Structures are given as C-alpha cells and as structure tokens.
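These notes are about the structure you will find just below.
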2 protein chains.
Amino acid sequence: MSRDERRRRTEAAILRAAREQFSVAGYERTTIRSVAAAASVDPALVMQYFGSKEGLFAEAARWDDDHQTVLQASREELPRAALADMLGKFEGDDTREAAVAFMRNCLTHPEANRIMRDEVMCDRAAGIAAILGGDDAELRAGLIGACMMGLGLSRYVFELPGVATASRADLERLMEPVLRALVDPPA
Amino acid sequence: MSRDERRRRTEAAILRAAREQFSVAGYERTTIRSVAAAASVDPALVMQYFGSKEGLFAEAARWDDDHQTVLQASREELPRAALADMLGKFEGDDTREAAVAFMRNCLTHPEANRIMRDEVMCDRAAGIAAILGGDDAELRAGLIGACMMGLGLSRYVFELPGVATASRADLERLMEPVLRALVDPPA
DNA sequence: GCGAACGGTCAACACGCGTAGAGTGAGTTG
DNA sequence: CAACTCACTCTACGCGTGTTGACCGTTCGC
C-alpha cells in the first residue's frame with residue numbers, strides 16, 4: 001500500500017471512530033485514547049493529524065450549512081424545502097454521523113453551541129423571516145426553526161420510537177401542515 | 001443565626017450556584033470546585049451535603065414530571081394544555097434554572113438523557129397518542145413532543161432573539177394552530 | 001542504494017479533577 | 001460550664017486526561 005493511501009485510510013478510520021463516539025457519548029465523555037483505540041492507533045497519532053481534541057471534533061462534527069436551498073424557496077414551497085433540507089443533512093452514513101455528532105453536542109460544546117445558535121438558527125431565521133413577511137415574521141421564522149430542530153433531535157439524536165422509524169413520506173405529510181400554520185397563520 | 005438555618009442557607013447557596021453553572025456551562029464543564037467557590041464554601045462541603053457530583057446534579061437539575069395536566073385534556077384542549085405545561089416548567093427563578101440545567105444536559109448527560117427520552121418524551125407520547133387516536137397517533141404524538149421540545153430549547157436554552165423575547169400570548173396564538181395540525185391532520 | 005521524509009509508536013509530563021479523612025471552632029444541650 | 005454535636009475547612013491522594021518530544025521502520029525521491 002502506498003504511503004499516502006495508508007495515511008488517508010488511517011485518518012479516515014480515526015475520523016470514523018471519532019464521529020461514532022462524539023455522536024453517542026458526547027464531546028467530554030469521548031477521549032483521545034478511546035478514539036485511538038477504536039481506530040487501532042496510538043493516541044499521539046490523533047494529535048499529530050488533528051492538532052488537538054478540539055481540532056478532531058471540528059473535523060468530525062460537521063453541519064453542512066447551505067442556506068440556499070431553503071432561502072430560495074417561495075412562501076408556498078418553504079415548508080417542503082425546510083423539511084427536505086433538514087432531513088437531507090442525515091443522508092449518507094458519514095454525513096449522518098457527522099450531523100448527529102454536531103447535534104448531540106450543540107447544547108454543551110461551546111463552539112457547536114455557537115454555530116447552532118448563531119449560524120444555523122439565527123441567520124436562517126432572518127432569511128426565512130424575509131420570505132414570510134408580516135408583523136410576526138421573525139418570531140414565526142424562529143418557531144419554524146424550533147420545530148425543525150425538535151424534529152431532528154427526536155428522530156436522529158433521541159431516536160424516539162415513532163419518529164425515528166417513520167418514513168420520510170409520512171414525516172413530510174404530517175409536518176408540512178405544521179410548518180404551513182407558521183407560514184400562513186390563521187386569522 | 002441558628003445552626004440549621006445556617007445549614008439550610010449554605011445548602012441553598014450551593015444549589016443555586018450549581019443550577020447556575022450546570023445550566024450555563026453544562027455538567028462536564030462545571031466543577032465541584034467552581035460551584036463551591038461561587039457559593040463561598042469549601043469543595044468538601046459540597047461532597048458532604050450531596051454525596052457526589054452526580055448527586056448534586058440530580059438535586060439541581062430537575063424536571064417536574066406531572067403528565068396529568070396534559071393527559072387529562074381532551075383533543076380540543078390538548079394544544080393549549082401542552083403549551084401551558086411546557087411554558088409552566090420555566091416559571092419561577094429556581095424552577096426555571098433547574099429546568100434549563102436539565103434541558104442543557106439532556107443530550108450529553110446519561111441520566112438526564114434517559115429521563116428526557118424515556119420519561120418525558122416516550123411515556124408522554126404514549127399518553128397523547130391515546131388521546132389522539134387514529135392510525136398515525138403515535139407518530140403524531142411524537143411530533144407534538146418534538147415541536148414542544150424545539151420550542152423549549154429555542155426559548156430557554158438557546159434563547160433565540162425572536163422566540164425568547166416573545167410574549168406568552170403570542171407564543172400560544174402562533175403555536176396552537178401548529179399543534180392542532182398534528183391533532184387533526186388535514187385530509 | 002542512500003538519505004530524507006513521513007507514518008506510526010513509546011514513555012512520560014503536568015494538570016485538574018472528584019473524592020476522602022482528619023481536624024477546628026462555634027452553637028447546642030444537659 | 002462541660003460535653004457534645006455539627007457546619008465547615010485543610011490537606012492530600014489517586015487517577016485519567018490532553019498533550020509532547022524522542023524514537024523506530026518503511027517508503028519515497030534522487
């Protein structure tokens with residue numbers, strides 16, 4: 001095996017082990033040592049590749065932050081777009097585990113918390129509010145974000161029986177009217 | 001000052017400091033030492049009163065779990081009851097900070113996570129499903145819980161600008177139709 | 001083929017943590 | 001006032017952590 005292929009593989013193995021542990025046990029409870037052990041590697045190598053535990057976490061717990069999909073939607077399309085965007089973050093094994101690792105730690109890890117609050121929730125809410133318009137636009141946009149976050153947590157982090165096993169179609173069918181109630185609040 | 005009044009006061013001071021730190025920094029990042037310092041007390045005293053860090057956390061981070069209010073509601077009343085129940089958990093300074101401490105750690109602290117998942121979400125969803133009836137009852141109940149959790153987190157843990165500052169009346173006015181869309185899903 | 005480069009390991013350090021046990025001094029009780 | 005209780009403090013232990021720098025052995029460029 002060539003040298004840099006070997007490098008790429010072990011780096012990927014470390015990353016996989018890190019994602020797994022960060023997403024299950026959380027940042028503080030996963031140790032460099034346990035990640036290294038799971039990747040069959042020396043702890044010092046993890047440091048060499050990722051600089052620090054924070055660096056490893058930043059690399060392992062990612063949240064693809066493309067606001068475009070949602071923010072280019074019309075009022076009419078917004079509910080489905082928001083749902084598709086949220087559920088799409090969890091497609092593909094690595095993507096999914098990276099997203100779960102991020103979500104699991106977004107309440108307690110300072111940097112993940114900052115990103116979730118400022119970049120994911122606030123920025124997006126501002127954009128959605130612009131699409132919505134009206135007096136309560138900002139609040140309604142915030143509540144849309146709140147419901148989507150609740151859905152993501154229930155389905156992928158808590159894995160609640162009903163919500164985690166539901167089909168995507170059922171989720172869209174039931175949640176679309178929910179979001180619409182915030183897009184076009186009844187008089 | 002009498003001896004046991006003094007005792008009660010320092011115990012309360014420790015508990016207040018613990019709630020404050022658990023709710024802001026999370027379980028792992030608050031130390032017995034820092035809590036003791038904030039309460040102007042020796043770390044060993046915290047151990048003497050609460051047994052262990054886990055014991056202190058269990059005492060400080062509480063979630064009043066009365067399912068009655070919600071589960072005695074009719075289909076018609078359920079949205080308002082669920083909202084009132086959720087918002088009610090955060091009334092009163094101590095109650096509020098205890099609830100925030102619990103929520104902040106419900107993704108990463110094993111015991112808080114277990115309680116949130118099994119007792120708060122699952123048990124309640126089962127009860128709500130019984131009220132709802134119909135094919136998707138369990139899923140719809142789960143989604144109601146998901147939205148309520150998202151609301152609680154956004155308002156009290158993340159303190160998102162729009163959601164945290166909204167009046168209770170606005171919240172009820174906007175969220176009631178949201179929940180109703182899950183109670184009576186449109187054909 | 002030889003020296004550099006690099007993937008990978010080993011042993012160790014310094015630190016902060018939860019926790020334990022002996023000690024102290026003021027309030028309580030007979 | 002003496003004996004005692006109990007809130008509270010001091011000191012220290014043991015452990016696991018993130019992190020470091022010196023060290024091997026293979027692979028690459030010349």
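Treat the numbers as computed from the prediction; the structure is a model and nothing was measured. Chain identifiers are assigned alphabetically (A, B, ...) following the order of the sequence lines, protein sequences preceding nucleic acid strands; residue numbering begins at 1 within each chain.
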Counting distance only, does the side-chain N/O of A:Arg19 pair as donor-acceptor with the main-chain N or O of A:Glu97 below 3.5 Å?
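No, A:Arg19 side chain to A:Glu97 backbone: no donor-acceptor pair under 3.5 Å.
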Under 3.5 Å, is there a donor-acceptor pair between the side chain of B:Asn113 and the main chain of B:Thr108?
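Not confirmed, B:Asn113 side chain does not pair with B:Thr108 backbone.
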Qualifying residue, where the test is side-chain hydrogen bond (donor to acceptor under 3.5 Å, both in side chains) with A:Tyr27 and the options are A:Gln21, A:Glu111, A:Glu54:
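Only one of A:Gln21, A:Glu111, A:Glu54 forms a side-chain hydrogen bond (donor to acceptor under 3.5 Å, both in side chains) with A:Tyr27, namely A:Glu54.
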Between B:Ser40 and A:Ser2, who's closer to the 5' end of DNA chain D by nearest nucleotide?
B:Ser40
With nearest nucleotide decided by heavy atoms, which residue, A:Glu28 or B:Val41, maps closer to the 5′ end of DNA chain D?
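The residue mapped nearer the 5' terminus is B:Val41.
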Describe the nucleic acid contact of [X] in one word from base, sugar-phosphate, nothing, applying a heavy-atom distance below 4.0 Å.
X       : value
B:Arg3  : base
B:Tyr49 : sugar-phosphate
B:Arg6  : sugar-phosphate
B:Ser34 : nothing

Outermost contacting nts on DNA chain D, any atom under 4.0 Å from chain A heavy atoms, listed 5' then 3', are D:dT17 to D:dC28
Name the residue closer to the 5' end of DNA chain C, choosing between B:Asp4 and B:Thr30 according to the nucleotide with the nearest heavy atom.
B:Thr30
Let me spell it out: for each of B:Thr31 and A:Leu45, pick the nucleotide of DNA chain C with the closest heavy atom. Which residue's pick is nearer the 5' end?
A:Leu45
Is there a donor in the side chain of B:Asp4 and an acceptor in the side chain of B:Ser2, or the other way round, less than 3.5 Å apart?
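Their side chains do contain a donor-acceptor pair, which is all the 3.5 Å distance test asks for.
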Show the nearest heavy-atom pair for residues B:Met121 and B:Ala146, with the distance to one decimal.
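In terms of heavy atoms, the two residues are closest at CE-N, 3.8 Å.
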List the atom of A:Leu171, the atom of A:Arg155, and the distance in Å for their closest heavy-atom pair.
CD2-NH1, 3.1 Å
Does a salt bridge link B:Arg117 with B:Asp123, judged by any charged N lying under 4.0 Å from a carboxylate O?
no
Basic-acidic side-chain contact under 4.0 Å: B:Arg114, B:Glu119:
yes
Just wondering, do B:Phe102 and B:Arg62 contact through their side chains at under 4.5 Å, heavy atoms?
no
Earliest and latest nucleotide of DNA chain C, 5' to 3', sitting under 4.0 Å from a non-hydrogen atom of chain A?
C:dA5 to C:dA12
